[in-house]
Each structure stands twice: as C-alpha cells, then as structure tokens.
Amino acid sequence: MDLKSQKVKLNDGHFIPILGFGTAAPEEVPKSEALEVTKFAIEVGFRHLDCARVYQNEEQVGQAIRSKIADGTVKREDIFYTSKLWCTFFRPDLVQPALEKSLKDLQLDYVDLYLIHFPVAMKPGEELLPKDENGKMILDSVDLCRTWEALEKCKDAGLTKSIGVSNFNHKQLEKILNKPGLKYKPVCNQVECHPYLNQSKLLDFCKSHDIVLVAYSALGSQRIKGWVNLNHPILLEDPVLCAIAKKHKQTPALVALRYQIQRGVVVLAKSYNKKRIKENIQVFDFELSPEDMKAIDGINRNIRYSEMLFGVGHPEYPFSEEY
C-alpha cells in the first residue's frame, strides 16, 4: 500500500496524511535526537509530522525536514507539518508572532496546520509554564473565539494552510462553530484517543461537522512523569489487543494504530525508537475484521493518560465534560 496516497480531505480542501509521526519527547531525550529520528521517519515514509512550540524542538525538526528536502528525498509540498499555539500566546495580538517564531525556528515559509494546543489560557510571557511561588500554574482568561479569529488571520496571511484545535470538548467546538462571523471552521480536533479512550461520542460529533479527529497517545502513552497518570494500566498489554495482534501476526501497537485508521481517525505514532518507527509504517499491510473492530470497541474504559491537571478549575478546562 502506498503510504503517500493515504490521506483524508479536510473541510478547507487540503489533505492530511492519515498516519503521522509525533515528535514530542520526554525531557531526558536530548534535542539532537529529534533531528535524527525525524530524518529517519521521513526516510522510511512518514510525510505527516506533528510538533508544537511547547515541545521545544521545532528547530531540530525543521532542520530534519530541510535536510531531507536538500538531499532530494522529499519536496516541501510532500510534507504535512503541524505546529501548535501554546497556552501563553492566546491573547489575539500574540498569536501571529507566536506562529512567526515557530516558522523562524523551523526556517520554513508556512506550516500546513496550526492548532490551538489546549483550551486553557496561561499567563503570557517568556515562561512556557508560568508558575507562582507555590509551583502552581498561573492561568489567564482569554475568549477562545478571539484567539480563533487571530488564527483565521494567520491562514489569510499564508502562514498556515489550515487551522484547527486540540483537546477541545464538543461544547468548546460548538462555541467556535456558532461564532458570529466565523470565517473558517476548525479542520480538526487533536485529542488523546486509543482503545481505552476511544472518544466515540466526540468522533461522531466531529464527523457530523466535517471535522477530522486526530489521535495522540494512540498507543496509550509514553509514561512521562508529571504529564501522565502512571497508575493506569498499560494499553499495549491488554489481552484483547494482544490476542488480535497474534491472530494477524502483528504487534499490539500496530493493531491500536490500524483501529484508528479504519474508524477514519488520523493517527499519530510517536516513537524515538528506529525499529518501532519503521514498524509503525506497516499499519497499511493488514486489515482488521468487523469482529476485531467490535472487540476493540469493547475494551474502552474512558481512561485518560494525559489529564493536564494544571488546568483543573479553569472555566475552559475541557475534560470535565463527558466528551
């Protein structure tokens, strides 16, 4: 199966590859590694790269893209690159400068997709994680509809081809969709999504509004201390997933990725391990039966690995809603 043809059409006419490479890494991974693994991901066939300002590695990821363009592996238009507007830049006047900073780090002229990263605004300033003297995150209050209007302007200015959101619940999506004078609908909502949190209600809502669901933490989660609830069971050890994997002579990770693709969900595979990066691309080599899909639907437990607890108590904290 030719990976390059596996794309989903967005509501603005652009196309997003259904399989993406996630570039977020735990703090202990040196930045230089982002350069190496991103180059490798492009070499083995990934064309959709998902990054963000807060990952603090856009410089390295941009370098990887440019070196693969320079050596003739890809052209710029072959690559679909996503960046995200971090929570400290939600005030409308800070949005375009934040995107311009990402472009400068990347040394690219445009990104393909720019997302509001998480709906909870934080205090603007140099600090990406502004904390008070007790180590508590300092939050801000910004109308997300105004932030959205600033994203629309970035699209009009040609700095990004498409705009969307991440970690929004259906009410927050509705607020933008119903905004007076809306110029562009969000093309996608990138959320945590895997067989233990299959997001079926949010997926149905998004589909009904022609919004693509993009799944992060699709393999459960890299267990990053401070960001992830380490008490949760490990998804890839689930007996149902393991049995289906065995039946297809695949890994549980590939089954979890394939599950999303067959639901029409764009899925991000995040790994800094070359063997696994290469393996994740094989998701197009097999198909799950309707029975397999039903069995995987059945293991949903509404387990969220990334609870983003720093936002609890903020009126825009998204995870208090059922979906």
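Positions are given from 1, in the same order as the sequence printed here. In this text, all values refer to a predicted model and were calculated from it rather than measured experimentally.
With rounding to the nearest 0.5 angstrom, the OG atom of S102 is 10.5 Å from the NZ atom of K84. How far CG of L173 is from CG of N178: 10.5 Å, rounded to the nearest 0.5 Å. We find the CD1-CG distance between I42 and L49 to be 5.0 Å, quoted to the nearest 0.5 Å. Put simply, CZ on F310 and SG on C87 are 5.5 Å apart, with the number rounded to the nearest 0.5 Å. How far OG1 of T38 is from CD of Q60: 9.0 Å, rounded to the nearest 0.5 Å. Atom CD of residue E77 and atom CZ of residue R47 lie 12.0 Å apart, to the nearest 0.5 angstrom.
Here the side chain of H248 pairs no donor or acceptor atom with the backbone of Q250 at under 3.5 angstrom. The main-chain N or O of I303 is never found under 3.5 Å from a side-chain atom of H232 such that the two would form a donor-acceptor pair. Between the side chain of E192 and the backbone N or O of Y305, at least one donor-acceptor pair lies under 3.5 Å. In this structure a side-chain-to-backbone donor-acceptor pair under 3.5 Å is missing from Q96 to K153. Put simply, the side chain of R76 gets close to the backbone of I79: a donor and an acceptor are under 3.5 Å apart. In terms of modelled atom types and a separation under 3.5 Å, the side chain of D238 and the main chain of V240 share a donor-acceptor contact. Distance alone, capped at 3.5 Å, is enough to place a donor-acceptor pair between the D78 side chain and the K75 backbone. The backbone N or O of V187 sits nowhere less than 3.5 Å from a side-chain atom of D12 that would complete a donor-acceptor pair. Checked by atom type and distance alone, the side chain of N189 pairs as donor or acceptor with a backbone atom of F168 at under 3.5 Å. Formation of a donor-acceptor pair under 3.5 Å by the H48 side chain with backbone atoms of P17 is found in this model.
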When you look at Q260 and C193, which way does the side chain to side chain contact (heavy atoms under 4.5 Å, CB included) test go after all the steps? CA-CA 9 Å; Q260 300 293 5; C193 184; 3.4 Å; yes
Check: Between I65 and Q107, is a side chain to side chain contact (heavy atoms under 4.5 Å, CB included) present by the stated rule, with each step listed?
Finding: CA-CA 10 Å; I65 295 169; Q107 292 183 36; over 6 Å; no
Residues V111, T82; criterion side chain to side chain contact (heavy atoms under 4.5 Å, CB included); working and verdict:
CA-CA 6 Å; V111 298; T82 301; over 6 Å; no
Salt bridge (charged side-chain N to carboxylate O under 4.0 Å, His left out) between E316 and K175, intermediate numbers included: CA-CA 12 Å; E316 295 290 356; K175 207 161 119 187; 2.8 Å; yes
- Dump the intermediate steps for salt bridge (charged side-chain N to carboxylate O under 4.0 Å, His left out) on K179 and E149, then the final yes or no. CA-CA 10 Å; K179 186 185 87 63; E149 285 163 8; 2.8 Å; yes
- Going through the distances and angles, do H194 and L219 end up as a side chain to side chain contact (heavy atoms under 4.5 Å, CB included)? CA-CA 6 Å; H194 44 74; L219 305 177; over 6 Å; no
* Please assess D143 against R146 for the test salt bridge (charged side-chain N to carboxylate O under 4.0 Å, His left out), listing each intermediate value before the final yes or no. => CA-CA 6 Å; D143 179 350; R146 302 288 85 79; 3.0 Å; yes
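A salt bridge links K247 and D292; the closest N-O separation between the charged side-chain nitrogens and carboxylate oxygens is under 4.0 Å. R91 has a carboxylate O that lies under 4.0 Å from a charged side-chain N of D140, or vice versa, which qualifies the two as a salt bridge. The residues E59 and K31 are annotated as not salt-bridged, no charged nitrogen and carboxylate oxygen being separated by less than 4.0 angstrom. Between E321 and K171 there is a salt bridge, since at least one side-chain N of the basic residue sits less than 4.0 Å from a carboxylate O of the acidic one. Note on K270 versus D50: no salt bridge recorded, every NZ/NE/NH1/NH2 to OD/OE distance being 4.0 Å or above.
Nearest heavy-atom pair across P233 and Y196 is CG-CE1, 4.0 Å. The nearest pair of heavy atoms linking P252 to A245 is N-CB, 3.6 Å. Taking all atoms of both residues into account, the shortest heavy-atom contact from T23 to C51 is OG1-SG, 3.2 Å. In plain terms, the two heavy atoms of N11 and P186 that are nearest each other are ND2-O, 3.0 Å. Taking all atoms of both residues into account, the shortest heavy-atom contact from V266 to V8 is CG2-CG2, 4.0 Å. Across all non-hydrogen atoms, the minimal contact from L35 to A64 is CD1-N, 3.4 Å.
Note: the hydrophobic cluster containing L85 does not contain I138 (ILVMFWY, side chain heavy atoms under 4.5 Å, direct or indirect links). Transitive grouping of hydrophobic side chains (ILVMFWY, heavy atoms separated by less than 4.5 Å) keeps V312 and L197 in distinct clusters. There is no path of hydrophobic side-chain contacts, each under 4.5 Å, that joins Y114 to F15. Taking hydrophobic clusters as Ile, Leu, Val, Met, Phe, Trp and Tyr residues chained together by side-chain heavy-atom distances below 4.5 Å, L94 shares a cluster with W86. Under a hydrophobic clustering in which Ile, Leu, Val, Met, Phe, Trp and Tyr are joined whenever their side-chain heavy atoms come within less than 4.5 Å, directly or via other members, L203 and V267 fall into the same cluster.
The shortest side-chain heavy-atom distance between I244 and L288 falls under the 4.5 Å cut-off. Taking the side chain as every heavy atom from C-beta outward, L177 and H209 approach each other to under 4.5 Å. You'll find the side chain of M137 reaches within 4.5 Å of the side chain of M122, heavy atoms only. You'll find the side chain of E279 reaches within 4.5 Å of the side chain of L254, heavy atoms only. When side chains are defined from C-beta on, T160 does not count as touching D112, because their heavy atoms never get closer than 4.5 Å. Using a 4.5 Å heavy-atom threshold, the side chains of D297 and Y259 count as touching. For the pair L113/L115, a side-chain contact is recorded, criterion being any heavy-atom separation below 4.5 Å from C-beta on. Residues P195 and N300 form no side-chain contact, since every pair of their non-hydrogen atoms from C-beta on lies 4.5 Å or further apart.
For the pair K155 and Y184, the distance from NZ or CZ to the six-membered ring centre is under 6.0 Å and the angle to the ring normal is within 45 degrees.
Note: F46 and F21 have tilted aromatic rings, judged against thresholds of 30 and 60 degrees for the angle between ring planes. Between Y317 and F319, the ring planes lie perpendicular to each other; the angle is over 60°, past the 30° to 60° tilted range.
A side-chain donor from one of T73 and D71 sits under 3.5 Å from a side-chain acceptor of the other. S83 and E58 share a donor-acceptor pair across their side chains, judged by distance under 3.5 Å alone.
Within the structure, ring pair (Phe, Tyr, Trp, His ring centres under 6.0 Å) contacts touching residues 87-113 (residues at least two apart or in different chains) do not occur.
For P318, the side chain to side chain contact (heavy atoms under 4.5 Å, CB included) partners at least two apart in sequence or on another chain are F118, P119, V120, N169, Q172.
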